[in-house]
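To keep things clear, I will list the structure first and then write my remarks on it.
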Protein chains: 2
Amino acid sequence: MLRVSKLTDYATVVMTCLVDGAGEVLSAQVLAERARLELPTVSKLLKQLAHAGLVLSTRGINGGYRLARDPAQITVADIVVAMEGPIGMTECSTRSGSCDHESHCGVRVNWQRINSAIADALASVTLAEMTKPAARRTGSIPVRVAVA
Amino acid sequence: MLRVSKLTDYATVVMTCLVDGAGEVLSAQVLAERARLELPTVSKLLKQLAHAGLVLSTRGINGGYRLARDPAQITVADIVVAMEGPIGMTECSTRSGSCDHESHCGVRVNWQRINSAIADALASVTLAEMTKPAARRTGSIPVRVAVA
DNA sequence: GCAAACAGTACAATTTTGGTCCTGTTTAGG
DNA sequence: CCTAAACAGGACCAAAATTGTACTGTTTGC
């Protein structure tokens, strides 16, 4: 079905909650409530987001998480990469040598182009935009797909 | 990792073999050899492609498969959809009602926009282009991502 | 009627995902 | 300095999806 994992989906929701929090430090507990998700799940994905440097964590009592940078500087691609690793539509596009057919595969190069097109599409949407479902932006982002 | 399944990957390879076959009817056996894949696997994916109407099958001895239409009229999106079903980055974008949070989910609409951007990117590359890894096309295909 | 080749289904093994839990470590406050 | 809240880092297990294969039909040309 070509989809991101649930955890990635949840991550975008939690991130938007952090945007709504306006820079305040929010605990995983609070974020779980606001996102209406289970605490262990939210806790898990926040750790991954922190590891990727998208959120900053504060330990100890009154600790919690906050965005590492401006919502306009965080893209959906950042979140996807943080949760799922490098974007690659086929196995051979990220892990070289994992496919026996690499040497005689004619479609590999083109898949790599498709990859970057999709990465661009994901990178063209910022977290700030994700939090504004109603306000339709007047323009649109042109993504250029270079194909063989 | 945001990738298509191996079977989808294989499907593109087999499809390019059919393109190289220049309209000739090729058996699953022959296609398996040319794609250097196992026969049962190739057989399986060809059935799916036939079911989706991308290839036409001929039964009986001397039977086999051929493309249902011109390679320039078949896109990567067609193949992905044939193998994996409708393109939807999140569960809620294809199956409505599958998520408890639909009513109060602020990111849903934006994911749907990202979906169509990616579908566009996949639809902008034709099978004919996938068979020409060397010949770089002069232009590029602009894909417009409308974001909230 | 025989053999090649597709159709449809079913199935086992593996991998990935989803979700939970447990044991540290840090920190504010009494 | 002791406690409780909260993050860090694994470990773990159950469920689901993916992969790859096999089996039983049905069609068709010779």
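Side chains included, hydrogens not; waters and symmetry mates left out as well; all remaining heavy atoms used.
- Here the NZ atom belonging to A/K6 is positioned 13.5 Å from the CE atom belonging to A/M83, to the nearest 0.5 angstrom.
- Here the side chain of A/Y65 is nearest to one of D/dA8, D/dT18, D/dG9, namely D/dA8.
- When the P atom of C/dT9 is taken as reference, atom NE2 of B/H51 falls 9 Å away, rounded to whole Å.
- As rounded to whole Å, 15 Å separates atom P of D/dG9 from atom CG of A/L45.
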Under 4.0 Å protein heavy-atom contacts per nucleotide of nucleotides 22-30 of chain C, with B for base, S for backbone only and - for none
--BBBBS--
Taking only nitrogen or oxygen atoms into account, show me every contact under 3.5 Å that the protein makes with nucleotides 13-16 of chain D, one pair per line with its distance.
none

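- Position along DNA chain C of the nearest nucleotide to A/V4 versus B/L39 favours B/L39 as the more 5'-ward residue.
- Look at CE on B/M83: it is 13 Å from C1' on D/dG20, rounded to the nearest Å.
- Rounded to whole Å, atom C1' of C/dT17 lies 14 Å from atom CG of A/D9.
- In terms of phosphate contacts, A/T41 brings no side-chain nitrogen or oxygen within less than 4.0 Å of OP1 or OP2 of C/dG18.
- The distance from atom NZ of A/K44 to atom C1' of D/dG10 is 11 Å, rounded to the nearest whole Å.
- Scanning both residues, B/L2 and B/M89, for their nearest heavy atoms gives CD1-CE, 3.4 Å.
- Closest to the side chain of B/E38, from the set D/dT21, D/dT19, C/dT20, is D/dT21.
- The same ILVMFWY cluster, assembled from side-chain heavy atoms under 4.5 Å apart, contains both A/L7 and A/L37.
- Considering all non-hydrogen atoms of both residues, B/T75 and B/A123 come closest at CG2-O, 3.2 Å.
- A distance of 11.5 Å separates OG1 in A/T131 from CE in A/M15, rounded to the nearest 0.5 Å.
- In terms of heavy atoms, A/T8 sits closest to A/I79 at O-CG2, 4.4 Å.
- An OP1 or OP2 oxygen of C/dA7 is reached within less than 4.0 angstrom by a side-chain nitrogen or oxygen of B/S57.
- For the pair A/Q48 CD and D/dC7 P, the computed distance is 16 Å after rounding to whole Å.
- Both A/T8 and B/Q29 sit near DNA chain C, but only B/Q29 has its closest nucleotide nearer the 5' end.
- Here B/N115 contributes atom CG and B/I87 contributes atom CD1; the two are 8.5 Å apart, rounded to the nearest 0.5 Å.
- Distance CG (A/L2) to P (D/dA17): 16 Å, rounded to an integer number of Å.
- Rounding to whole angstrom units, CG of residue B/L46 and C1' of C/dA5 are separated by 12 Å.
- Contacts of B/A50 with the nucleic acid, taken as non-hydrogen atoms under 4.0 Å apart, are absent.
- Taking 4.0 angstrom as the limit, A/S5 places a side-chain polar atom (N or O) nearer than this to OP1 or OP2 of C/dG18.
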Audit row: B/D9, A/R108, salt bridge (Lys or Arg N to Asp or Glu O under 4.0 Å) steps and yes/no
CA-CA 9 Å; B/D9 192 357; A/R108 184 153 162 265; over 6 Å; no
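- Distances from the side chain of A/S27 to the nucleotides D/dA6, D/dT21, C/dC6 place D/dA6 closest.
- Closest non-hydrogen pair, A/A11 versus A/L49, comes out as CB-CD1, 4.3 Å.
- Within 4.0 Å (heavy atoms only), A/L7 reaches sugar-phosphate atoms of the nucleic acid but no base atom.
- In the hydrophobic cluster analysis, where Ile, Leu, Val, Met, Phe, Trp and Tyr join through side-chain heavy atoms closer than 4.5 angstrom, B/V30 is grouped together with B/V19.
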